[in-house]
Asks: 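The following block contains the structure, expressed as structure tokens.
FYI, side chains are in, hydrogens and waters are out, and symmetry mates aren't considered; it's all heavy atoms of this structure. Just so you know, these numbers come straight off a predicted model, no measurement behind them.
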Amino acid sequence: METASAYLFVYGTLLLPTNQFGRYLNVHCKPVASAKFKGRLYDIGEYPGALADDSANTYVYGSIYLMDDASTVLQVLDDYEGIGPNDPLPHEYIRTLLNVETESGSVNCWIYFYALPVDQHHQIPGGDYIQYLSNQSA
């Protein structure tokens with residue numbers, strides 16, 4: 001498995017304290033910084049989906065984690081995101097590397113991007129999933 005970076009950018013349900021895989025990250029990763037990348041965030045239903053777009057005037061916001069064992073953590077998350085070797089095609093997500101912006105510069109991180117059409121999904125204003133959920137419950 002390719003692990004060209006030990007950094008992971010998380011923007012969705014993995015940021016929730018109630019998510020068991022989010023708890024897994026907190027045991028096997030160290031939070032590094034808040035970050036963002038140019039793109040769009042969509043409400044896919046019970047979770048969000050992000051698309052990178054250098055020409056966008058919007059950002060997707062999240063957090064960077066330093067993985068203690070990138071190969072193992074990514075294998076666990078690939079299964080969670082439905083892109084493991086035994087998951088049927090087409091995959092809903094794709095994991096790829098992207099430079100994300102922090103206050104102190106850019107960091108090359110693994111990100112799970114949404115890989116299916118978004119035409120039927122609502123774009124999340126502001127690009128921040130946690131803020132979006134907070135506004136939904138208010």
Side-chain angles (χ1 to χ4, degrees):
M1 174 189 305
E2 180 187 358
T3 55
S5 176
Y7 293 100
L8 174 71
F9 178 86
V10 176
Y11 61 85
T13 58
L14 292 172
L15 294 172
L16 300 172
T18 55
N19 183 291
Q20 77 179 79
F21 290 91
R23 291 192 299 270
Y24 173 86
L25 282 184
N26 286 317
V27 171
H28 297 281
C29 303
K30 175 184 167 195
V32 174
S34 294
K36 64 184 180 180
F37 64 87
K38 282 191 163 198
R40 296 180 310 280
L41 189 63
Y42 292 89
D43 183 342
I44 306 302
E46 295 182 18
Y47 46 86
L51 300 176
D53 182 353
D54 284 340
S55 66
N57 59 0
T58 55
Y59 286 90
V60 175
Y61 295 87
S63 297
I64 297 174
Y65 289 85
L66 177 61
M67 298 176 279
D68 60 9
D69 177 354
S71 180
T72 300
V73 170
L74 291 172
Q75 183 176 6
V76 168
L77 293 180
D78 282 357
D79 288 339
Y80 171 68
E81 299 290 355
I83 65 169
N86 299 320
D87 289 306
L89 294 173
H91 291 151
E92 193 172 20
Y93 287 87
I94 184 171
R95 175 171 49 86
T96 191
L97 289 166
L98 183 75
N99 286 322
V100 299
E101 301 173 32
T102 71
E103 286 185 3
S104 57
S106 70
V107 178
N108 195 246
C109 297
W110 287 109
I111 304 177
Y112 289 88
F113 289 109
Y114 195 66
L116 299 178
V118 294
D119 303 351
Q120 303 300 318
H121 299 292
H122 171 72
Q123 187 173 343
I124 295 175
D128 184 325
Y129 185 64
I130 301 304
Q131 183 64 48
Y132 175 72
L133 289 179
S134 175
N135 292 345
Q136 297 291 87
S137 64

Asks: Are any non-hydrogen side-chain atoms of Tyr132 and Asp43 less than 4.5 angstrom apart?
Replies: yes
Asks: Go through the steps to decide whether Val118 and Leu51 satisfy the test side-chain contact (heavy atoms from CB on, under 4.5 Å), and finish with yes or no.
Replies: CA-CA 9 Å; Val118 294; Leu51 300 176; 4.0 Å; yes
Asks: Could you measure the distance from the OG1 atom of Thr96 to the CZ atom of Phe113? Nearest 0.5 Å is fine.
Replies: 6.5 Å
Asks: Is Tyr80 close to Asn19 at the side-chain level, that is, under 4.5 Å between some pair of heavy atoms?
Replies: yes
Asks: With the side chain counted from C-beta on, respond yes when Tyr42 and Asp119 share a heavy-atom pair under 4.5 Å apart, and no when they do not.
Replies: no
Asks: Quick one: CG on Leu77 to SG on Cys29, what's the gap to the nearest 0.5 Å?
Replies: 7.0 Å
Asks: Would you say the side chain of Arg95 lies within less than 4.5 Å of the side chain of Ile83, judging by non-hydrogen atoms?
Replies: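 Yes - at least one pair of side-chain heavy atoms lies under 4.5 Å apart.
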Asks: For residues Gly105 and Thr102, report the shortest heavy-atom separation together with the two atoms involved.
Replies: O-OG1, 2.6 Å
Asks: Check the hydrophobic clustering (I, L, V, M, F, W, Y; side-chain heavy atoms under 4.5 Å; chains of links allowed) and say if Leu98 and Tyr61 are grouped together.
Replies: no
Asks: Are Val73 and Leu15 co-members of a hydrophobic cluster defined by side-chain heavy atoms under 4.5 Å apart?
Replies: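 Yes; tracing contacts between hydrophobic side chains, which count when under 4.5 Å, links both residues.
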Asks: In this structure, are over 12 heavy atoms from other groups packed under 6.0 Å from Leu116 atom CG?
Replies: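 Atom CG in Leu116 is packed in, count exceeds 12.
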Asks: Does Glu101 offer a backbone N or O that forms a donor-acceptor pair with the side chain of Ser106 under 3.5 Å?
Replies: no
Asks: Looking only at heavy atoms, what is the nearest atom pair of Ser5 and Ala70, with distance?
Replies: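 Taking Ser5 first and Ala70 second, the nearest heavy atoms are O-CB, 4.0 Å.
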Asks: What's the spacing between Leu133 CG and Gln131 CD if we round to 0.5 Å?
Replies: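 Spacing of CG (Leu133) from CD (Gln131) equals 9.5 Å.
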Asks: Are Asp78 and Tyr93 close enough that a side-chain donor and a side-chain acceptor fall under 3.5 Å?
Replies: no
Asks: Any side-chain donor paired with an acceptor under 3.5 Å for Gln75 and Asp79?
Replies: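 Note: Gln75 and Asp79 side chains miss the donor-acceptor criterion.
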Asks: Just by distance, do the side chain of Tyr11 and the backbone of Tyr112 share a donor-acceptor pair under 3.5 Å?
Replies: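 The answer is yes, because a donor-acceptor pair under 3.5 Å joins these two groups.
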Asks: Using 0.5 Å steps for rounding, measure from the CZ atom of Arg23 to the CG atom of Leu14.
Replies: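 These two atoms lie 11.5 Å from each other.
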Asks: Roughly how far apart are Phe9 CZ and Ser34 OG, rounded to 0.5 Å?
Replies: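 Going from the CZ atom of Phe9 to the OG atom of Ser34 covers 9.0 Å.
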Asks: For Gly12 and Ile130, which heavy atoms make the closest approach, and how far apart are they?
Replies: O-CD1, 4.3 Å
Asks: Check the hydrophobic clustering (I, L, V, M, F, W, Y; side-chain heavy atoms under 4.5 Å; chains of links allowed) and say if Trp110 and Phe21 are grouped together.
Replies: yes
Asks: Does any non-hydrogen side-chain atom of His28 lie less than 4.5 Å from one of Val76?
Replies: no
Asks: Is there a side-chain contact between Val100 and Tyr7 (heavy atoms, below 4.5 Å)?
Replies: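 A side-chain contact is absent here, since even the closest heavy-atom pair is not under 4.5 Å.
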Asks: How long is the straight-line distance from CG of Leu25 back to NZ of Lys30, given to the nearest 0.5 Å?
Replies: 15.0 Å
Asks: Are Ile64 and Phe37 linked, directly or through other ILVMFWY residues, by side chains that come within less than 4.5 angstrom of each other?
Replies: yes
Asks: Less than 4.5 Å apart, any side-chain heavy atom of Thr13 and any of Pro48?
Replies: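 Yes, their side chains come closer than 4.5 Å.
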Asks: So do Asn26 and Tyr65 actually touch side chain to side chain, heavy atoms under 4.5 Å?
Replies: yes
